[in-house]
Amino acid sequence: MEVRDLHEWPATVAEAEAIQDRLRPSLDLEEPGPQALRTVAGLDVSYAGDGGGTGARLAAAVVVLDARTLEVVEESVVTGTAAFPYVPGLFAFRELPTLVAALRRLTVTPDLLVCDGYGVAHPRRFGLACHLGVLTGLPTIGVAKTGFVGSHETPGARRGDAGPLVDGGEVVGRVLRTRDGVKPVFVSVGHRIDLDTACRHVLALAPDYRLPETTRRADRLSRDALAASP
DNA sequence: GCGACAG
DNA sequence: ATCTTGTCGC
């Protein structure tokens, strides 16, 4: 599929923040988004060694599923190196080049991208899911496993129970329980979809486990690719 | 000022 | 993210 060029790459924290600020106006946060999905892609990255700096070896995976059956339609995985040190809020710059390379190898264009991390629930309202949305033009959402920005009440204990994630006085996401009695996930929109629709899709994608099947498949693929590569 | 801090 | 043993539960 087509993905916009990354163009200039930041060398400093200030440059990376400036890029986020410059791209943010391109976000479409008005569309309700796709109500019915034919295909949906999950993205994830695994690392080897060096936990925080630039240059760590990594594998970026994209797995496209049939949204109805959750069966694999296509897989793409690319190995590379971390393109930026880990800095909370700039996490996307670490793995964006390799993720984009994996997306470009796709022969099908998914109806939705499910990213590992956050969308607008971000210090500058431009997390990984937003960045990938602007680069691909596709609807994107972020599903994170732990908190980052914002505060929330503990949602009910049953699957489907949820509550707002609030930051700076605005609702930036939703804390959503995907399994009875299991720690909830943090859902935020990235591009071209609304929060209700995003949460509906997350629940449909996670019938048996805490995380969406898209994320679980991409996680396994990236992990296996990393272990199999020199 | 001191922590906390997506992966 | 990754480093890691045992352990509780279906």
Side-chain angles (χ1 to χ4, degrees), chain A residues 10 13 16-17 19-20 23-24 42-63 77-100 102 113-134 140-152 157 159 165-168 172-176 178-191 195 198 202 207-212 214-229:
Chain A
V13 164
E17 292 177 345
I19 289 175
Q20 293 181 328
L23 293 180
R24 188 170 356 96
L43 296 75
D44 194 28
V45 176
S46 291
Y47 293 80
D50 173 25
T54 303
R57 208 162 59 84
L58 55 77
V62 183
V63 178
V77 59
V78 174
T79 56
T81 55
F84 204 80
Y86 173 69
V87 179
L90 301 178
F91 157 67
F93 292 97
R94 228 170 140 55
E95 40 191 57
L96 224 31
T98 316
L99 276 173
V100 166
L113 262 35
V114 179
C115 309
D116 193 36
Y118 284 90
V120 298
H122 176 277
R124 281 170 301 285
R125 302 290 180 266
F126 201 77
L128 174 66
C130 298
H131 211 136
L132 282 167
V134 169
T140 61
I141 66 176
V143 179
K145 298 178 283 295
T146 62
F148 181 32
V149 295
S151 56
H152 64 89
R159 165 179 162 90
L165 180 63
V166 180
D167 184 52
V172 295
R174 194 171 294 167
V175 181
L176 175 66
T178 53
R179 295 262 296 167
D180 291 357
V182 173
K183 178 168 37 152
V185 298
F186 300 77
V187 179
S188 56
V189 306
H191 186 53
L195 190 52
V202 169
D208 299 319
Y209 297 94
R210 176 186 178 229
L211 295 177
T214 37
T215 301
R216 300 184 69 246
R217 289 281 191 171
D219 178 77
R220 192 195 305 180
L221 178 58
S222 63
R223 210 178 291 272
D224 289 350
L226 196 58
S229 74

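Nothing here was measured: the structure is a model prediction, and the numbers come from that model.
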Dot-bracket assigned to DNA chain B with the 3.5 Å Watson-Crick/G-U criterion, [ ] for crossing and | for other-strand pairs, is .......
Could you pull out all residues at least two apart from [X] that satisfy side-chain hydrogen bond (donor to acceptor under 3.5 Å, both in side chains)?
X      : result
A/R57  : A/S229
A/S46  : A/S222
A/R24  : A/D21
A/R159 : none

According to side-chain contact (heavy atoms from CB on, under 4.5 Å), who are the partners of [X], at least two apart in sequence or on a separate chain?
X      : result
A/V149 : A/A121, A/P123, A/D167
A/Q20  : A/L90, A/F93, A/H122, A/R124, A/F126
A/K183 : A/R210
A/T54  : A/P85

Rounded to the nearest angstrom, tell me the gap between atom [atom1] in [X] and atom [atom2] in [N].
X      : N     : atom1 : atom2 : result
A/R223 : B/dG7 : CZ    : P     : 13 Å
A/L96  : B/dG7 : CG    : C1'   : 13 Å
A/F84  : C/dA1 : CZ    : P     : 20 Å
A/R94  : C/dT2 : CZ    : P     : 11 Å
A/D44  : B/dG7 : CG    : P     : 9 Å
A/Y47  : B/dG7 : OH    : P     : 11 Å

Under 3.5 Å, is there a donor-acceptor pair between the side chain of A/R94 and the main chain of A/F84? yes
Taking the six-membered ring for Trp, are A/F91 and A/Y86 parallel (under 30°), tilted (30 to 60°) or perpendicular (over 60°)?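 Perpendicular.
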Give me the distances for all protein-to-nucleotides 1-6 of chain B N/O pairs that come in under 3.5 Å?
from	atom 1	to	atom 2	distance (Å)
B/dA6	OP2	A/Y86	OH	2.4
B/dA6	N7	A/G89	N	3.3
B/dA6	N6	A/G89	O	3.1
B/dA6	N6	A/F91	N	3.4
B/dA6	N6	A/H122	NE2	3.4
B/dA6	N1	A/L128	N	3.3
B/dA6	N3	A/Y118	N	3.1

Holding to salt bridge (charged side-chain N to carboxylate O under 4.0 Å, His left out), I want the full list of residues that pass it with A/R216, two or more places apart in sequence or in another chain.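 Applying salt bridge (charged side-chain N to carboxylate O under 4.0 Å, His left out) to A/R216 gives A/E213.
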For C/dA1, does either OP1 or OP2 sit under 4.0 Å from a side-chain N or O belonging to A/R57?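 Looking at the OP1 and OP2 atoms of C/dA1, neither is under 4.0 Å from any side-chain N or O of A/R57.
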For DNA chain C, report each stem as range with range, ordered by first number, or say none. Use Watson-Crick or G-U wobble pairs under 3.5 Å, at least 3 in a row. none
